S.K.: 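There's a structure below that I have some questions on.
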Amino acid sequence: MSSAITNILLVGVGGQGILLASEILSEAFMLAGYDVKKSEIHGMSQRGGSVVSHVRFGTQVFSPVVPEGEGDIMFGFELLETSRYLSLLRPGATVVVNDFKILPPAVLLGQAVYPEGLADSIRTAFPDTLLVDGQRLAIEAGDLRAANTALLGAVSKRLAITDDIWRQALEKMVPRKALEINLMAFQMGRDLKG
Amino acid sequence: MTNKEILSGNEAFARGAHEAGVRVASAYPGTPSTEILENIVRYPEIDASWAPNEKVALEVAIGASFGGGRALACMKHVGVNVAADPLFTLSYTGVGGGLALIVADDPEMHSSQDEQDSRNYARFAKVPMLEPADSQECLDFTRLAFELSEQFDTPVMLRSCTRISHGKSIVQPGEPVSGLPEPKLVKNPAKLVMLPGNARVRHPLVEERTVKLSQYGDTAAINSMELRSTEIGIICAGVTWQYVREALPEASTLKLGMVWPLPEKLIRDFAAKIKRLFVVEELDPFIEEQVKAMGIAVTGKEIISRCGELSPGRIREAFSKIGLAEAIHELPLQQTMSLPPRPPNMCPGCPHRGVFYELNRLKAYVTGDIGCYTLGFMPPLNAMDTCVCMGASISNASGIVRVLPPEEQRKVVAVIGDSTFLHTGINSLMEMAWNKSPATVIILDNRITAMTGRQENPASGFTLNSDVAPEVNIPELCRTLGIRYVQVLDPYDLEATHAALQEEMNRPEPSVLITNRPCCLIKGADRFEKGAVLEVDQGNCTGCKACLRIGCPAIEWKPDSENKKGKAFIDANLCTGCTVCQQLCKFNAIGRKK
């Protein structure tokens, strides 16, 4: 593992807002003076499929894709998708995961079951796991749509980026109308214990 | 100076076009190239527009170039197959104003039907190809492409890939060029009319040009030799160079910014300086075979796969197997649980869903096409039997009926979207009408190019810039092509869809059905309107699962507490009120949400 680079993986379901969250992260790292690269897949995978976005920062980043087994932080928008990509992480990595389920087609059809106890199995594999009720925080902040920003707040505590820079990144990337609620949701996530 | 920005490769290509003084840009959407043109609209001095297909896009760019303006065409890898005809002749004519063609490959087929390697087109058409390794190079190489195009009188291809086009990295934008000549008509028919006599004059010039470009590459800054340890030397280009630097930080590299023609002298110099020479490249052994043809010992595809994407991990693994890199440590967590997969799916309310449900019921043999509706292949709809390329559904249907007995001919139905029909389906329908092939065609007109992210098309009524535009009248077009039986139908009405399909499938001559519901992701006047959200009356629901047969993501089946029959539930946040599930319920259990 190249220790000078921090590798973040954002995983979830197409349509959950993963791309915007990874944009805000990248913007913050650039404002903090780091080299940043980011990669994800659009197109076919948007249609409710599984989505992974890679964000990497450090003094110099080559590959836009996180090498297998070298992820430092996983930012999970959904429990099943978080479980699916755990093998991309290094031992001892951090997981911040939304306590949220979106049922895949086979489960909707009653042909498969959504696995039980995913949060526990994630925590067993990666003790530094924070389970966040992003939806609840967002409703408290005033809008369910700010759930991702609340999660981002929880992730932000694991990163050496100042409050001021997070604020600048949010101001640049979030539409003006929704800014206040998003700043509040971000702070609520950032203030979570654990 | 402008501030640094984080740009995707596609955004940086667009910025590069702006800085290079491009006057005209044309493209057909295709993942992962689509966002180049979508970002060019932010530079109002560029006349940017969607074309009905990639051949037309390149020909529009060629025209602008002949008129003396700098011109850009963009497409995905398979788009070059469509545009190949003008590309090969353009190589002979050369350009007026500079012309660049950006092609975005899709190794790993994240969103494509094949992973063809576009570098072969550069060699085949004898045009230079640049390959950027990050967003900064997307911008810089786009500027350079126009300079080289005019200096060497050639179109220049720029090759991207999914990881470059959809990857983001930090870019320092520059100042736009100034002082380019104003476009004007200049007659030069001996150079631009490719009759055999003229073409025979041009061909030797093309061959000389390739030699000169190779010599240019020997000293050009875009090809750079980076000497570190001389034990291993690796020739690589584009995003693969990034993977190599990460996987093998000690290895010397020859980073090629121009992948055709190759700089032979530079390659020989590099090979002489190091002990073991490798080529690491995605897909075909394109560089490797040429280096071998130079008589230089080199290792490439013996250790690197020809299939799929590379990554730092895959490169490290390949080199560890031959003892030249440390073995990769064990992954920390082997997945022990089997997790249900999450394939892409049609959206809730998608107007295609009911059509595929009825095609399945009628046991149709469905020749498919490229678009969201290719997902009609997926369970539980299971209603697609072939899918070859853009426009092929209709001509495939026309061909298949010619070898079948009449009772089987009736089963053949082609499905094609509006944008795909206008791309290359029109010629196919002309053939079907002309030659009286007794198959049925369904044009799934959802008024947008949906799969690539909702781009306008010639029947949608708007241009790339959202200006109101004339709309192709698809039913009239079909009649004009010689189809006598053309029906427009509401795909949310299952009974009518079933009846129309049955009628046309039984008709022993060609016929066209056109669906009339817009994509549920497009908003605005005359476009998608959400209906009343539905719910399941739990008292009436018998757990028969009929509503599950359409595979709508808004409908969930839950086993009941005694784990007997279970019941269906509708997610009110996802339901668009299309009513297709309601029509399937025989127990009146689905109705408007109270």
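Reminder, nothing fancy here: chain letters follow the sequence lines and each chain counts from 1. The structure displayed is predicted, hence computed values, not measured ones. What's counted below: heavy atoms across the whole structure, side chains too, no hydrogens, waters or symmetry copies.
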S.K.: Within the 4.5 Å heavy-atom criterion, are A:Leu103 and B:Glu556 side-chain neighbours or not?
M.R.: yes
S.K.: Please check if the number of heavy atoms outside A:Arg167 that lie under 6.0 Å from its CZ is greater than 12.
M.R.: no
S.K.: Does any non-hydrogen side-chain atom of A:Arg56 lie less than 4.5 Å from one of B:Glu246?
M.R.: yes
S.K.: Return the OG to CE distance between B:Ser169 and A:Met30, rounded to the nearest 0.5 Å.
M.R.: 11.0 Å
S.K.: Which pair of non-hydrogen atoms, one from B:Lys545 and one from A:Leu109, has the smallest distance, and what is that distance?
M.R.: NZ-O, 4.3 Å
S.K.: Does OH belonging to A:Tyr114 count more than 12 external heavy atoms closer than 6.0 Å?
M.R.: yes
S.K.: What part of A:Phe57 lies closer than 4.5 angstrom to a heavy atom of chain B: side chain, backbone, both or neither?
M.R.: neither
S.K.: Is it the backbone or the side chain of A:Gln111 that comes under 4.5 Å from a heavy atom of chain B, or both, or neither?
M.R.: neither
S.K.: If you look at every heavy atom in B:His166 and A:Glu40, which pair is closest and at what distance?
M.R.: CB-O, 3.4 Å
S.K.: Got B:Ile170 and A:Val36 here, is their nearest side-chain heavy-atom distance under 4.5 Å?
M.R.: yes
S.K.: Please classify the contact of B:Cys350 with chain A as side chain, backbone, both or neither, using a heavy-atom distance under 4.5 Å.
M.R.: neither
S.K.: At a heavy-atom separation under 4.5 Å, does A:Gln60 approach chain B through its side chain, its backbone, both, or neither?
M.R.: neither
S.K.: Between B:Arg342 and A:Ile102, is any pair of side-chain heavy atoms under 4.5 Å apart?
M.R.: yes
S.K.: Exactly one of A:Pro64, A:Ser39, A:Ser63 should register a side-chain contact (heavy atoms from CB on, under 4.5 Å) with B:Val239. Which one does?
M.R.: A:Pro64
S.K.: Quick check: are there more than 12 heavy atoms from other residues, nucleotides or ligands sitting under 6.0 Å from CD of A:Glu171?
M.R.: yes
S.K.: Would you call A:Ser26 and B:Lys168 a side-chain contact if the rule is heavy atoms closer than 4.5 Å?
M.R.: no
S.K.: Would you name the heavy atoms of B:Pro341 and A:Pro105 that are closest together and state the gap between them?
M.R.: O-CD, 4.4 Å
S.K.: Under a 4.5 Å heavy-atom cut-off, does chain B meet the side chain of A:Val66, its backbone, both or neither?
M.R.: neither
S.K.: Which value, rounded to the nearest 0.5 Å, describes the distance between A:Phe62 atom CZ and B:Gln242 atom CD?
M.R.: 7.0 Å
S.K.: Is there a salt bridge (Lys or Arg N to Asp or Glu O under 4.0 Å) between B:Lys4 and A:Glu27 once you walk through the steps?
M.R.: CA-CA 11 Å; B:Lys4 286 186 176 177; A:Glu27 190 68 31; over 6 Å; no
S.K.: Is B:Glu5 in contact with chain A via its backbone, its side chain, both, or neither, using a 4.5 Å heavy-atom distance?
M.R.: backbone
S.K.: Step by step, would you call A:Leu80 with B:Leu339 a side-chain contact (heavy atoms from CB on, under 4.5 Å)?
M.R.: CA-CA 8 Å; A:Leu80 178 62; B:Leu339 300 175; 3.7 Å; yes
S.K.: If you apply the rule side-chain contact (heavy atoms from CB on, under 4.5 Å), what do you find for A:Val65 with B:Arg163, and how did you get there?
M.R.: CA-CA 8 Å; A:Val65 183; B:Arg163 298 295 178 183; 3.7 Å; yes
S.K.: Report yes if the side chains of B:Pro340 and A:Pro115 come closer than 4.5 Å at any heavy-atom pair, otherwise no.
M.R.: yes
